[in-house]
Each structure stands twice: as structure tokens, then as C-alpha cells.
Amino acid sequence: MSTLGSMQIRVVDDVDFATVGADAVLSGLTGAGACLGVATGGTPLRLYRELAHRTECGAIDLSSVSVVALDEYVGLSSSDPRSYASYVHGCIAGPLRIDPAATFVPDGAAADPDAEAREYEATIVGLGGVDVQIAGLGTNGHLAFNEPGTPIDGPCHVVTLSERTRRDNARYFDRRGDVPLRAITQGLGTIRRARSIVLLASGAHKGPALAAALHGPVTTDVPASVLQTHPNVTVVADRAAAALL
Ligand code: GLP
């Protein structure tokens, strides 16, 4: 392990990625009624499977935890299999035996997405904030769906997705044109209020964004660089993602 400012950087072999990530998450989830912020995407899936395995074995019990998603596509209802709501319920809340009533995802089908974003921010505040936020990294340095140019202190909001993000996420849709144009996302200000953050990065394609986020200037051009301003961040990166650090 190494440190960079107040960040802990753990560069791990592929086989250790899920266990080291799971340990980092669990160390911040102390006490009943903790709040876990969850990322979607491919990177954290192994970590969720590891937490599910520990749940099945009886090694951990997260049933009193609340789960809060980072983001959701505008235009997809929670029952749409491509929605992040489906991912959060299917890959996280269900396997971790978390109460569906304590599982929160912005409503992508809301008639007024801006109002939904405001309500989602209020929901997170009402839960007492996030204890541990799991975050992935976009190849353009985005955090949740905060694209380059997003103010570093903003609340939950509606964002227009960049072409690069839509291209990166097209693999989850039949056609690239099916990728929604907009999303509701926690803002960088919302994310920065989490008491601890675990940033996951896997694969050489994340290398440039990870290096820019950790070693570059804090800039809205690289949204994940705001993590340098947070007092409690653990980065778990495999060797390919960490190659440029
Ligand atoms: C999406 C999500 C992000 C996630 C990113 C990376 O854009 N909104 O929260 O971090 O994808 O996904 P992956 O882990 O599949 O590379």
C-alpha cells in the first residue's frame, strides 16, 4: 500500500481485487444502519460477488444497511433490465439481503427529472449521508455520470452524457443509438460528502484516467481529480490500471 496525500493506494493482483475492495468497503461500514453508496458498471461486479459470498457464508450481515445508487439513465424505468435500478437490485441489494425499501436509485422514468434529482439529493441527506461510497472511473475521468466540466461542489442533477460515455456504455445496449442521452447523477458535491470513498479501477484502458485523477491537477476537466480533496479515499487498482501511476 502507498499513500498520496490522504489517499491510500492499493495496487493489487487481479485475483486480490475483489477481496481487497470488499475489505476496504466493510471497514467503513461500521454500526447498524450504515449507508453504502454503490457504483454500477463492470468494475465493481467482482466486489459485489465477494460481498455476496461473505453474506451467504454468514461472515457478514448487511441487512441493516441502506444502499444508495450513484446514478440512473433518464428514460429507463426501474423494471427495464438495462436500468441501473435493475443492476442495483439484482447484483447488490438482492444478493446482500438488503431491504428493497432501503435501496435507493433515482427514478429514470420520473416525469420531471430535474425535480427527481433534487428529491434524490434530499433522500441522501435524509438518510444521514453516505458512509462508504464505491466509485468507478470513466475512461474520460468521469465519476458517476459527472462528465468533464461539472462543477466540483454540485448536487444531484441531470446531465447530458458525452459521446465517449455513450460509446463506452453501448455494450450494455443492443444498439449504440439506444444508449440514453441523459442521466440523473449524484453531483461531485454529493459524492464528496460521503464519509469515505473506495475508488475502483481495473484494466489498462483506465490507466490514463486514473493517472490524471490521482497525479494531475484538481480540475473539472477530470472529475475524479476532486477525490484528491477528500480526506478518506482508498483506491483499489489492478496492475494494468495502475501502470501509469
Ligand atoms: C458508468 C457509470 C459509472 C461507472 C462507469 C465505469 O458510466 N455511471 O459510475 O464508474 O460507468 O464503468 P465500468 O466499470 O463498466 O468501466
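Just follow the structure's listing: the first ligand is 1, and inside any ligand the first atom is 1. Counting from 1, the numbers follow the sequence of the chain as shown.
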Could you check ligand 1 for N or O atoms lying under 3.5 Å from protein N or O atoms and list the pairs with distances?
unit_1, atom_1, unit_2, atom_2, d
ligand 1, 7 (O), His142, NE2, 2.9
ligand 1, 7 (O), Asn169, ND2, 3.3
ligand 1, 8 (N), Asp71, OD2, 2.8
ligand 1, 8 (N), Ala144, O, 3.4
ligand 1, 10 (O), Leu137, N, 3.4
ligand 1, 14 (O), Gly42, N, 3.3
ligand 1, 14 (O), Thr43, N, 2.9
ligand 1, 14 (O), Thr43, OG1, 2.4
ligand 1, 15 (O), Gly42, N, 2.7
ligand 1, 15 (O), Arg171, NH2, 2.7
ligand 1, 16 (O), Lys206, NZ, 2.6

Membership question, hydrophobic clusters at under 4.5 Å side-chain separation (ILVMFWY): are Leu199 and Leu26 in the same one?
no
Is the closest basic N to carboxylate O distance between Arg166 and Glu163 below 4.0 Å?
yes
Any salt bridge between Glu50 and Arg46, counting N to O under 4.0 Å?
no
Where do Tyr120 and Cys156 come nearest, in terms of heavy atoms and distance?
CD2-SG, 3.8 Å
Look at the rings of Phe173 and Tyr73 and say which category their plane angle falls in: under 30° parallel, 30 to 60° tilted, over 60° perpendicular.
perpendicular
Between the side chains of Thr234 and Arg10, does any donor sit under 3.5 Å from an acceptor?
no
